[in-house]
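This report refers to the structure that appears directly beneath it.
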Amino acid sequence: MVNIANITEQIKAMPAKNKVMILAVLAIAIASVVLLFAWIQKEDYQLLYSNLGEEDAGLIIQKLKEQKTPYKTSGGGIMVPSNRVYELRIQLASQGLPQGGGVGFEVFDETNLTMTEFVQKLNYKRALQGELSRTIRSLSEVEQCRVHLAIPEKSLFTQSEERPKASVLVKLRQGRRLSQGQVQGMVHLVSSSVNGLNPKDVAIVDSHGEMLTSGTGETIGMTNDQLDYQRNYEKDMENRITGILQPVVGKGHVKAKVTAVIDFTKIEKTEEKFDPDSQVVRSEQKNVEKSITGIIGGVPGISSNLPGKTAPQMGSQQGQMEKKNEAINYEISKVTSRIINSSGEVKRLSAVVLIDGTYIPQQGSKEKKYTSRSEEDIKQFEEMVKKSIGFLPDRGDEVRVVNMPFEVAPQEDLLEPKTEIIPIIITVTKYIVPLLAVVLLFLFVVRPLVKALTGVPLAQQPSLQLPQTTAEIEKRLEVPAKPAKIQVIEWAKKNPKDATNLIKNWIEEE
């Protein structure tokens with residue numbers, strides 16, 4: 001047990017210089033312990049939002065102050081305690097924050113009966129622009145967006161009504177680009193949100209001033225689709241080649257490039273074919289006419305024309321006539337076909353494949369010797385490539401397989417990706433360093449200090465006197481009388497600790 005009274009007396013007996021040193025060490029130790037524990041208990045902050053506009057940042061900070069939530073601003077972002085990041089994001093999103101530099105339909109959440117019609121229309125336009133900006137900004141490629149709508153007022157006295165127009169300014173993230181399909185989607189999104197807005201009247205410009213909708217016509221749009229189709233087809237062929245050769249030559253030891261000539265011409269053809277051997281009676285018509293003719297006459301003159309008089313018959317003549325018409329209509333079978341050749345027909349394929357050689361380790365050296373592949377292997381690889389891409393010699397396809405060394409060493413390609421351990425090290429260090437610091441503080445500061453305070457002070461240590469006479473030496477050593485010098489040496493050898501303390505006392509006395 002430590003005797004407090006003894007420690008107190010020892011401290012009082014110390015020189016003033018030693019007392020000051022002990023107090024300084026104790027103060028540093030206590031301050032270090034307090035700082036370490038404060039650092040351990042310090043709350044961890046994480047990013048809530050970044051790249052905010054001034055308006056959004058001000059609104060979010062105001063909401064955090066209202067909720068009495070601690071926050072920090074750093075590098076254009078707002079940081080909050082890590083255990084409240086997702087909770088705060090949900091709360092702020094329910095309140096329409098961040099707004100992305102524009103107000104949305106939440107402007108109508110508060111009803112104002114004194115608002116004029118002009119202000120209502122203006123707020124509706126602002127809200128529509130803000131909502132469209134938020135929707136477009138949800139694309140992963142878009143960092144910021146602004147939408148401007150030019151909606152003319154309707155009038156009953158104008159014959160030609162002006163059409164609404166829209167312009168969109170987008171700022172893309174670094175290294176990202178918008179595909180033509182995404183641009184078309186943005187155009188239709190904006191045009192569908194405004195009544196009477198034609199897609200041709202929507203202009204999209206990036207932050208560099210480049211017009212993204214300059215080629216959104218049907219013809220140019222179709223050309224972009226064709227280019228995308230061609231690139232995707234070539235990429236698919238390249239993946240087929242690398243997929244079939246990588247298991248043989250190794251990952252990263254094969255490169256393929258395919259060029260495809262694709263015909264996108266649409267051909268429509270209509271054919272009518274008649275079969276003379278296939279006849280069918282469609283209609284039949286027959287006409288038959290018969291007639292009988294005869295002539296009876298008397299004596300010409302008055303007597304034959306008087307009433308009551310019978311004219312003498314001079315003679316008679318009678319004839320018969322028959323007429324027959326027949327018409328038969330035949331229908332010959334006819335085949336009408338309309339042929340539309342689908343666009344996207346592959347006219348020609350050209351493929352170039354680079355294959356790395358083999359590397360043989362050398363004894364006694366880390367370097368490896370490069371060895372080219374045999375002609376037989378190259379021919380086998382060429383046949384594999386032809387089968388994988390559907391090689392057709394009739395249409396002029398070409399395949400070339402070349403063996404050459406790659407710049408990247410083969411052993412480097414086989415290295416596994418390194419695991420990201422920096423975040424883990426930071427988290428572990430946060431708790432290990434304070435604990436280690438406390439242990440070191442105890443071992444090298446507290447423990448020696450306590451040992452020094454609890455030890456016997458040097459003033460109270462029994463002093464060892466050097467024997468002055470031979471009788472004293474003989475009494476201590478209990479040996480026969482010898483020369484004084486020899487006796488002192490023998491005594492020091494047998495009592496090294498006492499000899500050391502004796503010399504230490506001499507030095508302190510000096």
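Keep in mind the model is a prediction, meaning the values are calculated, not measured. When reading the values below, keep in mind they use all heavy atoms of this one structure, side chains included, and skip hydrogens, waters and symmetry mates.
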Practice prompt. Please check if atom NZ in K165 has more than 12 non-hydrogen atoms from other residues, nucleotides or ligands closer than 6.0 Å.
Written response: no
Practice prompt. Apply side chain to side chain contact (heavy atoms under 4.5 Å, CB included) to R163 and list each qualifying residue two or more places apart in sequence or on a separate chain.
Written response: N198, D201
Discussion item. Please give me the minimum heavy-atom distance between Q46 and V85, naming the atom from each residue.
Written reply: CB-CG2, 3.8 Å
Practice prompt. Would you check, one step at a time, whether the test side chain to side chain donor-acceptor pair (under 3.5 Å) holds for T69 with R84?
Written response: CA-CA 9 Å; T69 301; R84 298 200 59 191; 3.1 Å; yes
Worksheet item: What pairs meet the salt bridge (charged side-chain N to carboxylate O under 4.0 Å, His left out) rule with one or both residues in residues 234-244, with sequence neighbours excluded?
Response: D236-R240, E238-K257
Worksheet item: Could you give the distance from CD1 (I204) to CD1 (I136), rounded to the nearest 0.5 Å?
Response: 6.5 Å
Discussion item. A side-chain contact here means heavy atoms from C-beta on lying under 4.5 Å apart; do R176 and S140 qualify?
Written reply: yes
Fill in: Test item: I90 and L88 side chains (from C-beta on) under 4.5 Å apart, heavy atoms
no
Worksheet entry | Flag if over 12 foreign heavy atoms under 6.0 Å of CG, N195 | no
Practice prompt. Could you check if a side-chain atom of K63 sits within less than 4.5 angstrom of a side-chain atom of L92, using non-hydrogen atoms only?
Written response: yes
Worksheet item: Rounded to the nearest 0.5 Å, what separation is found between the CD atom of E153 and the CD atom of E162?
Response: 11.0 Å
Fill in: Gap between atom CD of E367 and atom CD1 of I360 - 0.5 Å precision
14.5 Å
Item to complete: Looking only at non-hydrogen atoms, find the nearest pair between L132 and S193 and report the distance.
Response: CD2-OG, 3.4 Å
Item to complete: Flag yes if more than 12 heavy atoms outside E66 fall under 6.0 Å of its CD atom; otherwise flag no.
Response: yes
Discussion item. Apply side-chain contact (heavy atoms from CB on, under 4.5 Å) to residues K200 and S191 and explain how you reach the verdict.
Written reply: CA-CA 9 Å; K200 296 181 180 179; S191 62; over 6 Å; no
Item to complete: State whether E117 and K121 are salt-bridged, where the test is any N-O pair (Lys NZ or Arg NE/NH1/NH2 against Asp/Glu carboxylate O) under 4.0 Å.
Response: yes
Discussion item. With a 4.5 Å cut-off on side-chain heavy atoms, are I355 and V402 touching?
Written reply: no
Discussion item. Are V168 and T213 packed together at the side-chain level, in the sense that at least one heavy-atom pair is separated by less than 4.5 angstrom?
Written reply: no
Discussion item. Would R348 and D397 count as a side-chain contact (heavy atoms from CB on, under 4.5 Å) here? Give the steps.
Written reply: CA-CA 5 Å; R348 189 168 175 268; D397 294 352; 4.3 Å; yes
Fill in: Closest heavy-atom pair and its distance - P199, V187
O-CG1, 3.5 Å
Fill in: Polar side-chain atom of K125 near backbone of L149 as donor-acceptor pair, under 3.5 Å
yes
Worksheet, complete the sentence: Rounded to the nearest 0.5 Å, the CE atom of M186 sits from the SG atom of C145 at a distance of 5.5 Å
Item to complete: Could you check if a side-chain atom of I241 sits within less than 4.5 angstrom of a side-chain atom of M384, using non-hydrogen atoms only?
Response: no
Item to complete: Indicate whether any N or O donor in one side chain lies under 3.5 Å from an N or O acceptor in the other, for R146 and S133.
Response: no
Worksheet item: Of all heavy-atom pairs between E398 and F391, which one has the smallest distance, and what is that distance?
Response: N-CE1, 3.8 Å
Practice prompt. State whether the number of non-hydrogen atoms from other residues, nucleotides or ligands found under 6.0 Å of K255 atom NZ is greater than 12.
Written response: no
Fill in: R373/V249 under side-chain contact (heavy atoms from CB on, under 4.5 Å): CA gap, chis, key distance, verdict
CA-CA 10 Å; R373 299 186 182 271; V249 300; 3.7 Å; yes
Worksheet item: Which of these passes side-chain hydrogen bond (donor to acceptor under 3.5 Å, both in side chains) with E141: R173, R177, Q182?
Response: Q182
Practice prompt. Run the numbers on E376 and K379 for salt bridge (Lys or Arg N to Asp or Glu O under 4.0 Å), then give the verdict.
Written response: CA-CA 5 Å; E376 183 179 356; K379 291 181 180 179; over 6 Å; no
Discussion item. Would you say that T259 contacts L349 through its side chain, given a criterion of any heavy-atom pair below 4.5 Å between the two side chains?
Written reply: no
Worksheet item: Considering all heavy atoms of both residues, which atom of G357 and which atom of N403 are nearest to each other, and what is their separation?
Response: N-ND2, 3.5 Å
Discussion item. What verdict does the side-chain contact (heavy atoms from CB on, under 4.5 Å) test give for V254 and F381, after you've listed the backbone C-alpha separation in whole Å, the side-chain angles of each residue and the deciding distance to 0.1 Å?
Written reply: CA-CA 11 Å; V254 57; F381 295 151; over 6 Å; no
Worksheet item: Who pairs with Y370 by ring-ring contact (aromatic ring centres under 6.0 Å, His included), at least two apart in sequence or on another chain?
Response: Y359
Practice prompt. Locate the shortest heavy-atom distance separating P164 from P152; write the atom from each residue and the value.
Written response: CA-CD, 3.7 Å
Worksheet item: Is the CZ atom of R89 crowded by more than 12 outside heavy atoms at less than 6.0 Å?
Response: yes
Worksheet item: Going from CD on E210 to CG on L172, what distance comes out if it is rounded to the nearest 0.5 angstrom?
Response: 9.5 Å
Worksheet item: With a 4.5 Å limit on heavy-atom distance, are the side chains of V258 and Y233 in contact?
Response: no
Discussion item. Under a 4.0 Å threshold between the charged nitrogen and the carboxylate oxygen, would K347 count as salt-bridged to E345?
Written reply: yes
Worksheet entry | Distance in Å, N239 CG paired with Q246 CD, rounded so as to fall on 0.5 Å steps | 9.5 Å
Worksheet item: Is it true that E382 and K386 make a salt bridge, defined as a side-chain N closer than 4.0 Å to a carboxylate O?
Response: yes
